[in-house]
Amino acid sequence: MAATAVKTPKAPAYDASTIQVLEGLEAVRRRPGMYIGSTDQRGLHHLVREIADNSVDEALGGHADTIVCRIGVDGSVTVSDNGRGIPVDKHSKTNTSALEVIMTVLHAGGKFGGGGYKVSGGLHGVGASVVNALSEWLTVEVRRAGKRYRQEYRRGVPTGPVKAVGKVEDGDHGTTTSFLADTGVFVAGLDYDFDLLAQWFRETAYLTKGLRLTLIDDRADREMTFFFEGGIVSFVRHLNRNRSAVHDRPFYVSREVPACLVEVALQYNDSYGESTHTFANNINTADGGSHLSGFKSALTRTINEYAKRNGFLKGDETLSGEDVREGLTAIVSVKLAEPQFEGQTKGKLGNAEVAGAVQTVVNDALGAYLEENPQTAKRIIEKCINASRAREAARKARELVQRKGGLDSFSLPGKLADCTERDPARAELYIVEGDSAGGSAKQGRDRRFQAILPLRGKILNVEKARLDKMLQSNEIRTLITALGTSVGEQFDPSKLRYHRIVIMTDADVDGSHIRTLLLTFFFRHLEQLILDGHVFIAQPPLYRVKAGKEEAWVYTEEQRAAAIERLGEKAEVQRYKGLGEMNPTQLWETTMDPVKRTLLQVRIDDSVDADETFDMLMGSAVPPRKKFIQTHAREVQNLDL
Ligand code: 0RA
């Protein structure tokens, strides 16, 4: 018998590092939420950001100036840059290429190409390997040293080593990453939102001067490019585009100090609001932090010093922080090696050393700017002094109200039907439009923990009035008293009497206008309550569908169609226009009963976007509002005519 020699295939080399890689990828796939926050739409978009941030870092280091992001018809995403290209040479110890390490080892990104500030590795920075692990397939193509290299992966595992696949033209270099997110993880599907990505690309382009960012959507044949030569100066001009500026050229400084790189741009406008947005490593720090504190101190101090030295203020007159921030639009952007993000939503910069750094840079540069531009300085100081006088008037008005028992919670307004619960964490305040709906709500509620505050008619538009004017309005005073927190300088969130503040208005045009006015007021004067998650919108039903004894409340058009289908053609559909049309029991059952109701929590996903939207909807300039309404008119449903 002759034996045939059989070649056994070489077993894959499972050494310690391979096992570590597989364990790492497995951990990500088992608990994706731990790495990217969630596996819903938000988490999905996170993948794009993770990959694009690596390219942005390459641009921040001065090695790339163009990034293109493409959404494919199959739900794949391709991000391409013209940077140095991820190194492909083999790591001496592990005998794997740097590219493979970056793409497969958790948190490996930061270990390569050190130095420089990074936007990746910041708040969410978990590295490209996490995106790789959560992708059905991923491909990286590197153009480097005259050659084109490629490696592919399936759910994070390489299908083979890095291969040289061709030549590139002289001087061509960069990295292109394509991936298809794994629908086994992102079960809601790969529904990328162009506008969401565009908003974030726009912001990134403002914060990275000279970077050209293009977003292409092959599903809808859409394309947008963002490029801002002026960086954050362009950002400030953009935010002020519908407002009248007090001075033409924004103040701007960019300086590197030991703690961080500090960049600030600001320009005053003739409104009464403030739009300061802060960023650390390009991440929007909606809750501020050390960079914001440093900026505020420097602004107050520098303006007061200049105003004193030049005779605008006499004796012990001083301008408060609020005075110098009225009508201010500012961007504060810092870049640092190891940013610490704090707070519940990680929206606050913690690094204490940054406060002093920003303060020093702004003190020096703003002081010099005021000295060198006396005309502008004069206009700014006069605006601040005006603000100060108005604030003084407001304080007097407030004191007058307080003395008569107006703003403190010892004298709760008569219109408020309070609840018996004294623990704010369990108490709810329903702000209800109109007396008749207020009456139903009072009867229908659970008085143990639900308080009702009926508001009559429209409240003032805060975008067009200062706080002192606002306080002349009975409705606003009543509301602030009921909340217990006071407002302005005396605002104290720890005094909040209800941790759920529910805005309940009619499902018609007037109702939505009143809701917008209330939200504007909260956004401009009690923003902390929104950030802390205390503000909600009630969802009353749109229709009652009835057939015989059976009835159903429906809240959307889709539900209406479904209910009619279920109850048959004879179903009688009754449109609810106002809360007042429901009797107390119905109001409780449909809108107020915690077991059955839907409450929409008001969130500020993007503070820059929110700022712009309120300014546009409620501010003085009419053309942008008209354009917005024309653009969005077709999206409006349930419009009463
Ligand atoms: C490490 C080192 C070097 C470049 C990169 C990483 C790099 C990473 C990404 C991710 C997306 N685009 C990228 N471009 C570059 C450079 C090492 C060198 O050439 O000296």
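Both ligands and their constituent atoms are indexed starting at 1 by order of listing.
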- Polar contact flag, side-chain donor to acceptor under 3.5 angstrom, Tyr149-Gln151: no
- Between Arg144 and ligand 1, which residue portion shows a heavy-atom distance shorter than 4.0 Å: side chain, backbone, both, or neither? side chain
- Return the set of residues passing side-chain hydrogen bond (donor to acceptor under 3.5 Å, both in side chains) with Arg222 (not counting sequence neighbours), or none when no residue passes. Asp195
- Do Asn269 side-chain atoms and Gly327 backbone N/O form a donor-acceptor pair below 3.5 Å? yes
- Ligand-side contact atoms (ligand 1) for residue partner Thr175, heavy atom cut-off under 4.0 Å: 12 (N), 13 (C), 14 (N)
- Query: In chain order, what residues pass the side-chain hydrogen bond (donor to acceptor under 3.5 Å, both in side chains) check against Arg325, with sequence neighbours excluded?
  - Reply: Glu274
- Check each of Pro87, Ala145, Ala64, Gly174 against atom 3 (C) of ligand 1 and report the one with the nearest heavy atom. Pro87
- Task: Identify, by atom number and element, the atoms of ligand 1 in contact range of Asn54, meaning under 4.0 Å from any of its heavy atoms.
- Result: 10 (C), 11 (C)
